[in-house]
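We count residues from 1, following the sequence as given.
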Amino acid sequence: MTEIKSGPDIVISPASTKAEIEAFVDFGFRINADDPNYVPNLHSEEIGKFTPGKNPFFEHARCQLFLARQGGEVVGRISAHIDELALAQPADKGMGPGTGNWGALETLDEAVAQLLIARAELWLREQGMTRVLAPMNLSVWEEPGLLVKGHDHPPMYMMGHQSARYQPWVERAGYALVKKLYTYDLDITIEYPPLIQRIIASGEKNERIRIRKVDLGNFERDVQILCNILNDAWSDNWGFVPFTTSEIAYTAKNLKPLVKPDLIRFAEYDGEPVAFMMTLPDFNQALAQANRPSGKPSLLGWLKIALWLRKPRPADMRVPLMGVLKRLQSSRMASQLAFMMIEYIRRDSIKNFGGKRGEIGWILEDNQGMVAIADAINSKINKQYNLYEKVL
């Protein structure tokens, strides 16, 4: 990237047109191209993410993208947004009335970063917001938080990767740490401790428990079941915002090529779905090999991606989501069902996909149930993402 010369000639302006949104996305690819651990998403997916009418996030959110230019050249970007569903959440749960967000900050220069953050804050104040929770790119279901530990290895699919330069810049802008999000890494070739094996064996003897695979023949039904459990299971979590029907359909469509029946399990109790675990082969493995820094693979790159999607082997595994109905969360059964699903998916990950490594997350630092499960299976924190707040 060309060195930025900070000064009064930096111009920050809204980005709303198709060309401006593309410039916003392209700058994100360009500025990270030299980072060996950055894995570019597909260009089309990034365009869709920031385009009203494509990403259903915009159905319940106001958003304004901003570009910083110097001499006509883009030298920075940021998004500012307000999620109406987040505003309706209890104030003690992270979001709540008066809370707006910014995200997707990219630049090489701190002075430009401070101008962009200030511009996002101004827009949020003009919209009536009194507090910022950031960074959020765009929603809590997409890429929340700023990477502050784990820059030395690539992220797994659907996890953010930001330069280490941003942490001091954000903190010098007056932002205070409010929450840490962790991902946990584990060697899935190692069997779990004897205590966990006994818990699993006990569950297998319980005729009221059934662990089943996702049914691709009834995919839409199972997606709805998963999201119903998810919205119930996560409803008391810090930062929770309901997942809408449109977002369910959008996410399911995008992730369906990665869905393998062996890797998504439901736990039923007396025939009722009460828990789920979603595992995905790490698509970033394919993107790192076949994608270009621009996010636009060559014809050969697309062929490699298609072949990988058809048979992702060997493939590392990521667990982006799991949940147990709220009414069971304080019971022994909650952890038993979780361990059963984890073990069945672990076995199939090794057998059918040659998996060796898994990653769980993100997990809130104070989510005691999930932290206990992660500790019990000998996983270790490998990345930390910070969320910050500031009163406007």
Side-chain angles (χ1 to χ4, degrees), residues 35-41 137 140-162 179-193 196 226 230 234 237 239 251 254-255 257-260 262-265 276-289 291 308-309 312-323 338-365 367 369-387:
D35 184 339
N37 292 309
Y38 173 74
V39 181
N41 292 327
N137 184 15
V140 71
W141 297 109
E142 292 174 283
E143 295 180 7
L146 177 70
L147 181 67
V148 298
K149 293 181 182 178
H151 299 92
D152 59 343
H153 59 281
M156 282 200 172
Y157 187 54
M158 298 171 66
M159 291 302 298
H161 182 82
Q162 299 89 24
K179 197 66 69 173
K180 299 174 185 177
L181 315 178
Y182 295 131
T183 60
Y184 287 78
D185 180 86
L186 70 156
D187 182 346
I188 64 174
T189 66
I190 300 175
E191 290 192 354
Y192 297 136
I196 305 303
L226 185 151
L230 177 66
W234 285 46
N237 283 7
T251 303
N254 287 345
L255 293 183
L258 289 173
V259 170
K260 308 299 176 184
D262 299 332
L263 302 179
I264 300 179
R265 302 287 177 121
F276 78 91
M277 177 175 168
M278 172 190 283
T279 304
L280 300 173
D282 180 24
F283 188 39
N284 275 7
Q285 289 179 262
L287 292 178
Q289 297 296 320
N291 203 357
W308 188 92
L309 287 171
R313 182 184 178 97
D316 292 335
M317 298 292 160
R318 180 177 174 229
V319 181
L321 293 172
M322 63 185 301
F339 287 135
M340 292 176 73
M341 291 186 292
I342 290 170
E343 173 62 3
Y344 293 175
I345 291 173
R346 184 191 74 84
R347 294 173 191 169
D348 283 345
S349 296
I350 297 169
K351 177 184 176 182
N352 300 328
F353 301 94
K356 294 183 178 181
R357 175 177 168 248
E359 184 177 282
I360 304 171
W362 50 267
I363 296 174
L364 285 167
E365 60 178 323
N367 185 335
M370 282 305 305
V371 170
I373 289 173
D375 290 342
I377 60 176
N378 296 324
S379 60
K380 305 297 180 183
I381 294 172
N382 68 322
K383 286 184 183 288
Q384 176 183 323
Y385 296 81
N386 284 358
L387 274 169

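A heavy-atom distance below 4.5 Å is not found between the side chains of Leu280 and Leu263. Under the 4.5 Å side-chain criterion, counting only non-hydrogen atoms from C-beta, Leu186 is in contact with Tyr192. Val39 has its side chain out of reach of Tyr157: every pair of non-hydrogen atoms, C-beta onward, lies at least 4.5 Å apart. Side-chain atoms of Asp35 and His161, non-hydrogen and from C-beta on, do get closer than 4.5 Å to each other. Two residues are said to be in side-chain contact when any heavy atoms from C-beta on lie closer than 4.5 Å; Pro144 and Leu181 meet this criterion. In this structure the side chain of Asp348 never reaches within 4.5 angstrom of the side chain of Ile345, judged on heavy atoms. With a 4.5 Å cut-off on side-chain heavy atoms, Val319 and Ile342 do not count as touching. Contact annotation: the side chain of Trp141 never approaches that of Thr251 to less than 4.5 Å [non-hydrogen atoms, C-beta and beyond].
Residues satisfying the salt bridge (charged side-chain N to carboxylate O under 4.0 Å, His left out) criterion with Arg318, sequence neighbours excluded, are absent altogether. Remark: Trp308 engages Phe283 in a ring-ring contact (aromatic ring centres under 6.0 Å, His included) (not counting sequence neighbours). Annotation: salt bridge (charged side-chain N to carboxylate O under 4.0 Å, His left out) contacts of Asp262 (sequence neighbours excluded): Lys213. Remark: Pro314 pairs with no residue by the side-chain contact (heavy atoms from CB on, under 4.5 Å) rule, at least two apart or across chains. Listed by chain and residue number, nothing satisfies the salt bridge (charged side-chain N to carboxylate O under 4.0 Å, His left out) test with Lys260 (two or more places apart in sequence, or in another chain).
Formation of a donor-acceptor pair under 3.5 Å by the Asn137 side chain with backbone atoms of Glu142 is not found in this model. A donor-acceptor pair is defined here as one N or O able to donate and one able to accept, closer than 3.5 Å; no such pair exists between the side chain of Arg265 and the backbone of Met277. A donor-acceptor pair under 3.5 Å is absent between the side-chain atoms of Lys149 and the main chain of Gln384, judged by distance alone.
Counted within 6.0 Å of CD on Glu365, heavy atoms from surrounding residues, nucleotides or ligands total more than 12; the atom is thus considered enclosed.
Pairs of residues two or more places apart, or lying in two chains, that qualify as side-chain hydrogen bond (donor to acceptor under 3.5 Å, both in side chains) and include a residue from residues 355-364 are Asp185-Arg357, Arg357-Glu359, Glu359-Asn382.
To the nearest 0.5 Å, the span separating CD1 on Ile360 from CE on Met322 amounts to 7.5 Å. Rounding to the nearest 0.5 Å gives a distance of 12.5 Å between OH of Tyr184 and CG of Asn378.
Between Thr279 and Ile264, the shortest heavy-atom contact is O-CG1, 3.9 Å.
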